[in-house]
Protein chains: 2
Amino acid sequence: MVTGMEQKENGRAGRGAGRGTYAVGDERRLRILDAAVEHFAQWGFHASSLARIAKDVGITQGGLLHHFRSKEDLLVQVLERTEQQDAERFFGKDFATAAECYASLLRLTEYNAARLGRTRMFNVLAAEAGDPGHPAHPYFVRRYAELVSVMSASLRRSVESGELRDGTDVAAMAEETAAVMDGLQIQWVLDPKGFDMVSRFRAYADRLLRSITTEGTGLPEQS
Amino acid sequence: MVTGMEQKENGRAGRGAGRGTYAVGDERRLRILDAAVEHFAQWGFHASSLARIAKDVGITQGGLLHHFRSKEDLLVQVLERTEQQDAERFFGKDFATAAECYASLLRLTEYNAARLGRTRMFNVLAAEAGDPGHPAHPYFVRRYAELVSVMSASLRRSVESGELRDGTDVAAMAEETAAVMDGLQIQWVLDPKGFDMVSRFRAYADRLLRSITTEGTGLPEQS
DNA sequence: GTCTATAAGGGGATAGAC
DNA sequence: GTCTATCCCCTTATAGAC
């Protein structure tokens, strides 16, 4: 959460503590990005204010615009940073099996459940980006395409190894799974204490894998 | 979609065509509500502008505020109206069985797939309302509680009749199903032409009902 | 690297004319 | 029922001092 923070402290403070201006400037940049996440989460992109974000970091709007040339630039860099974090953490290597893929998605769900601001931001921006004119629209279109692509590849490997039934519509399965994760996040953000997002996703993944595994009952799969 | 509309036309125009001022005033009110849906969909609540909404209806901001005393009042009335439409259409009577419940949810999905603006608005507002200070926060908290309650009741009846296995966690199932619908809507709004939301939901509902039905294979259900 | 000042514009809500 | 005028506040981006 963005708490008050030292609002009267000038940017000059803390200079002497660091090793050099580079490290200090870089840390300030990261603090701006963190604050921006919280503001995009609460206000969305359009209604967020550079001055309010800057205030949370302890600088002025003019000072913020030294690090990011525009509001849209700030949004892009926020998205790039979070995507890089996700990619390294959960999609670093391709998944050998469907079970491995879903185990990683469960860890991602646990990770999201520990970061309210970040998750709330993704809910809001993914919804806002439905507008084709939204600056994050291309990002989210690409993001879902990549997510479905990575998941489909791992599911296809499981089909080829005989773990999953032949004829499984792997893309449809990936899209459904992405939907479950997003939808659970919506409900979780509305009630972070009361709604158990992780348990719900685990239950979904377990039931899904069981129902399409070749060890199963031979029920026909859906398209 | 909100198209340009007669921007220079004064509110006085068309007065003579109607039967009386009541009907005309009421129709104007509905047009404002329709325009507001599109604006909340594109901009969210905070970044929407009463002047821009009024412009789409062909009046000024001052004229709009004659019908709605504030921006928040407009939001509340938009939500009340859409909820009333949903309730009448899809939750008019309690569902006797789980299959009946899911058949109705499938019709709701088809209905949503025919109304891009309305669905986009719900995506954006449901995400924004994650902020406890958002004017729609109480509405969405209540909305999900009621949805889960109605679905759980119908599922419980199916458990009692032996259609569903004993011990099924009906609330968890309802929450998961709501999540699937919301998540599919996110992806659909990002690509309304290419993403087949209805097929995805049908596949989900079919597989879910099959995997928890007593006619099934006796697999243990998830919590 | 951050500040202040400024430009040029938009925001919601109110008041009173018609 | 709608308009216009007004109040006071907020918005992004730029320019130049330090």
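Each chain gets a letter, A, B and so on, in the order its sequence line appears, and its residues count up from 1.
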Starting at atom [atom1] of [X], determine the distance to atom [atom2] of [N], rounded to an integer number of angstrom.
X	N	atom1	atom2	answer
B/I53	C/dG10	CD1	P	16 Å
B/L30	D/dG1	CG	P	14 Å
B/L50	C/dA13	CG	P	6 Å
A/H46	C/dG10	NE2	P	16 Å
B/K55	C/dG12	NZ	P	14 Å
B/W43	D/dT11	CH2	P	15 Å
A/R31	C/dT2	CZ	P	10 Å
A/D73	D/dT14	CG	P	12 Å

Measure from the side-chain heavy atoms of [X] and tell me the nearest of [options].
X	options	result
B/H66	D/dT12, D/dG1, C/dT2	D/dG1
B/L65	C/dA13, C/dG1, C/dG11	C/dA13
B/R28	D/dT2, C/dA13, C/dT2	D/dT2
A/Q61	C/dA13, D/dA13, D/dT2	D/dA13
A/I59	C/dG10, D/dT12, C/dT2	C/dT2
A/S49	C/dG12, D/dT12, C/dT2	D/dT12

Notebook entry, point to check: Looking at B/E100 and B/R157, does any basic side-chain N land under 4.0 Å from a carboxylate oxygen?
Noted result: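 The answer is no: the pair does not qualify as a salt bridge.
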Check: Does D/dT11 have OP1 or OP2 sitting under 4.0 Å from an N or O in the side chain of A/R52?
Finding: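 Yes, because at least one side-chain N or O of A/R52 sits under 4.0 Å from OP1 or OP2 of D/dT11.
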Check: Reckon A/T60 touches a base, only the sugar-phosphate, or nothing at all at heavy-atom distances under 4.0 Å?
Finding: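 Base contact.
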Item checked: Mutual orientation of the aromatic rings belonging to A/F122 and A/F140 [parallel < 30°, tilted 30-60°, perpendicular > 60°] ->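 If you compare the ring of A/F122 with that of A/F140, the planes turn out perpendicular.
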Next item on the list: Hey, can you tell me if A/Y102 and A/F201 have their rings parallel, tilted or perpendicular (30° and 60° cut-offs)?
Entry: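 A/Y102 and A/F201: parallel rings.
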Notebook entry, point to check: If you measure from CG on A/D191 to NZ on A/K193, what distance do you get to the nearest 0.5 Å?
Noted result: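 Nearest 0.5 Å value for the CG-NZ distance: 10.0 Å.
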Check: What residue among A/R200, A/Q185, A/R202, A/M181 forms side chain to side chain contact (heavy atoms under 4.5 Å, CB included) with A/T109?
Finding: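 The passing option is A/M181.
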